[in-house]
Q: 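Attaching a single structure in structure tokens format; questions to follow.
So you know, we letter chains A, B, ... as the sequences are listed, proteins then strands, and number each from 1. Everything numeric in this text was worked out from a predicted model, so none of it was measured.
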Amino acid sequence: MHTHTKTSSFSKTLIFWYLQNKRDLPWRNTTNPYFIWLSEIILQQTRVNQGLEYYLRFIETFPSVKDLADADEEAVLKLWQGLGYYSRARNLHFSANYVMNELNGEFPTTYKELLKLRGVGDYTASAIASICNNESTAVVDGNVYRVLARYFGVKTPINFSKGIKEFKELAQKLIDKDEPGNYNQAIMEFGATQCKPQNPDCNNCPLNSGCFAFANNTVDSLPVKENKLKIKKRYFNYIVLIDTHNQTKISIRNKKGIWQGLYEFPLIETSSEIHPEELVQSEEFQSIVDQHNFKLSTFNQQSIVHKLSHQHLYTKFWVVNCKEKLNNAILWDDFENYPVPILIHNFVASFKDNV
DNA sequence: AAATCGTGGAG
DNA sequence: TCTCCAAGATT
């Protein structure tokens, strides 16, 4: 069989499968580029089940790109809370303003113009352009790597520039130019529900007759990913102040790194777990707490290990009762208005239950 | 160009 | 429990 015939039937089979098996998802009932953009940003590195409720909340809260642009960045982060990779939310808000101010409020639909939006890379620009503008720009996401690596037996590692380039070129050859949007969504949906990472049902697969990995029994080892992720351990000590007026103190993370733009309790980071006496005597603690007017009680003897993709945060929440009214503090009742990492959110939720 | 950015579900 | 990894982008 000639390659052209094989690739053509590959794409047609995918689209045929898709039209019969696609899930009914809200962003599949529109080609409004603003909505498609929202869905694509939300779904970056995020499962459909996790992103779905966020999408519904975002289109309800911000029905148009103008509504999003007019909002405070903090409000966008608050709506994003719990979804992770918070730069997506900040870039989303920045790009909404860019569309309003530089593009006269008209959301772009061409691959080239979409790439200019902060937070929109090759994948997202390809997705929106194919769905909203019928452009033959092939998407390459985690699903596409897997489907192509298995079907065509591509063993190039997918997490280095060589593999990224190679898979993009292959995907671009395969795209159905008559219906690029359907093709792109088809191969992703196929990867998500049929050609799954683990235990795919290969015996009941419309593409198994031409699949390299199925024929060679290498489904489990494709795609190839060279993972040398180093997990760093960090030790966080949050100072949870409680004063005589139902107040506490929070601060914003305004440096680069994790959780930029989110709030947290005053933080003392140490190089290892620290004893209460040592903590109380430290300069940092004394700059946060008035030396003569507090009583310390640890909330958790055992550190809470909060696991990020490449950091493990060994966290203790040190509850400190203050005997007078704090300055520059917020009411506990206002706490829920601030965007916070899920680690902080969970602590406050359990803390409330225990009081 | 490799490291860095969250969170949660599945097996 | 532990590992993988999910509609990636940025630097």
Q: Can you see whether A:Glu273 engages A:Tyr314 through a side-chain donor-acceptor pair at a distance of less than 3.5 angstrom?
A: no

Q: Do A:Tyr98 and A:Leu92 belong to the same hydrophobic cluster, where Ile, Leu, Val, Met, Phe, Trp and Tyr are linked whenever their side-chain heavy atoms lie under 4.5 Å apart, directly or via other members?
A: yes

Q: Base of B:dC5, side chain of A:Arg88 - is there a donor-acceptor contact under 3.5 Å?
A: no

Q: Say you draw a straight line from CH2 of A:Trp80 to CG of A:Leu262; how long is it, rounded to the nearest 0.5 Å?
A: 12.0 Å

Q: May I have the distance from A:Trp80 (atom CH2) to B:dC5 (atom P), rounded to whole angstrom?
A: 18 Å

Q: Find the distance A:Trp259:CH2 to B:dT7:P and express it as a whole number of Å.
A: 6 Å

Q: Show, in sequence, the C-alpha distance, side-chain angles and deciding distance for A:Lys168 and A:Ser126, and conclude whether the side chain to side chain donor-acceptor pair (under 3.5 Å) test is met.
A: CA-CA 11 Å; A:Lys168 174 72 181 183; A:Ser126 300; 3.2 Å; yes

Q: When we call it a touch if two heavy atoms are under 4.0 Å apart, what does A:Ser87 touch: a base, just sugar-phosphate, or nothing?
A: nothing

Q: Sort out for me which residue in A:Ile36, A:Thr30, A:Asn184 forms a side-chain contact (heavy atoms from CB on, under 4.5 Å) with A:Ile131.
A: A:Ile36

Q: Considering every strand and a 4.0 Å limit on heavy-atom distances, what is the contact class for A:Val120: base, sugar-phosphate, or nothing?
A: sugar-phosphate

Q: Checking all strands, does A:Ile42 fall into the base, sugar-phosphate, or nothing category for heavy-atom contacts under 4.0 angstrom?
A: nothing

Q: Please work out if A:Gly51 contacts a base, only the sugar-phosphate, or nothing of the nucleic acid, heavy-atom cut-off 4.0 Å.
A: nothing

Q: At under 4.0 Å between heavy atoms, what does A:Leu308 touch on the DNA or RNA strands: base, sugar-phosphate, or nothing?
A: base

Q: Taking the side chain of A:Arg118 as heavy atoms from C-beta outward, which of B:dG8, C:dA7, C:dT10 is closest to it?
A: C:dT10

Q: Give A:Ser39 one of three labels, base, sugar-phosphate or nothing, depending on what nucleic acid heavy atoms sit under 4.0 Å from its own.
A: nothing

Q: Under 4.0 Å, heavy atoms only, any strand: does A:Trp27 hit a base, just the sugar-phosphate, or nothing?
A: base

Q: Ignoring the backbone of A:Arg47, work out which of C:dA6, B:dA2, B:dC5 is nearest its side chain.
A: C:dA6

Q: Round to a whole Å and report the spacing from CH2 of A:Trp37 to P of C:dA9.
A: 14 Å

Q: Among C:dA7, B:dC5, C:dC5, which nucleotide has an atom closest to any side-chain atom of A:Arg23?
A: C:dA7

Q: Quick check on DNA chain B: between A:His306 and A:Lys232, whose nearest nucleotide comes earlier from the 5' end?
A: A:Lys232

Q: Has A:Ser161 got a side-chain N or O lying under 4.0 Å from the OP1 or OP2 atom of B:dA1?
A: yes

Q: For B:dG6, does the base pair up with any side-chain atom of A:Tyr85 as donor and acceptor (N or O, under 3.5 Å, distance only)?
A: yes

Q: How many angstroms lie between CG in A:Leu313 and NZ in A:Lys233, if you round to the nearest 0.5 Å?
A: 12.0 Å

Q: Which part of the nucleic acid, if any, lies within contact of A:Arg146, taking any heavy atom under 4.0 Å across all strands shown: a base, the sugar-phosphate backbone alone, or nothing?
A: sugar-phosphate

Q: Heavy atoms from C-beta onward define the side chain here; which of C:dG8, B:dG6, C:dT10 lies closest to that of A:Gln44?
A: C:dG8

Q: Classify the nucleic acid contact of A:Asp122 as base, sugar-phosphate or nothing, counting any heavy atom under 4.0 Å across all strands shown.
A: sugar-phosphate

Q: Need one value for A:Gly82: base, sugar-phosphate or nothing, where a base atom within 4.0 Å counts as base even if backbone is also close, heavy atoms only.
A: sugar-phosphate

Q: Could you check A:Gln50 against A:Ala125 and say which one's nearest nucleotide on DNA chain C is further toward the 5' end?
A: A:Gln50

Q: Write down the distance between NZ (A:Lys256) and P (C:dT11), rounded to a whole number of angstrom.
A: 8 Å

Q: Side chain of A:Tyr86 only, heavy atoms from C-beta on: which candidate in C:dG8, B:dA1, B:dG6 is closest?
A: B:dG6

Q: Please confirm whether the ring centroid of A:Phe190 lies under 6.0 Å from the ring centroid of A:Tyr151.
A: no

Q: Between atom NE2 in A:His310 and atom P in B:dT4, what is the gap in whole Å?
A: 5 Å

Q: By nearest atom, which of the nucleotides C:dG8, B:dT7, B:dG11 is closest to the A:Ile342 side chain?
A: B:dT7

Q: Mapping A:Pro223 and A:Thr124 to their closest nucleotides on DNA chain C, which lands nearer the 5' end?
A: A:Pro223

Q: Measure from the side-chain heavy atoms of A:Ile258 and tell me the nearest of C:dC2, B:dG9, B:dC5.
A: B:dC5

Q: Nearest-Å distance, CG (A:Asp220) to P (C:dC4)?
A: 13 Å

Q: Where the side chain of A:Lys225 is concerned, which of C:dA7, B:dG8, C:dC5 is the nearest nucleotide?
A: C:dC5

Q: Hey, does A:Gln311 reach any base, or is it just sugar-phosphate, or nothing, if we go heavy atoms under 4.0 Å?
A: sugar-phosphate

Q: Given the P atoms of B:dC5 and C:dA7, what is the spacing between them in whole Å?
A: 23 Å

Q: Between A:Phe160 and A:Leu343, which has a closest nucleotide on DNA chain B that is more 5'?
A: A:Phe160

Q: Answer with yes or no whether the side chains of A:Tyr123 and A:Glu40 bring together a donor and an acceptor at under 3.5 Å.
A: yes

Q: In whole Å, measure the gap between the C1' atoms of B:dG8 and C:dT1 for me.
A: 16 Å

Q: What nucleotide, of B:dT7, C:dC5, C:dA7, holds the atom closest to the side chain of A:Glu189?
A: C:dA7

Q: Within this structure, what is the CD1-to-C1' distance between A:Ile231 and C:dC2, rounded to whole angstrom?
A: 11 Å

Q: Measure from NZ on A:Lys307 to P on C:dC2 and round the result to the nearest Å.
A: 6 Å

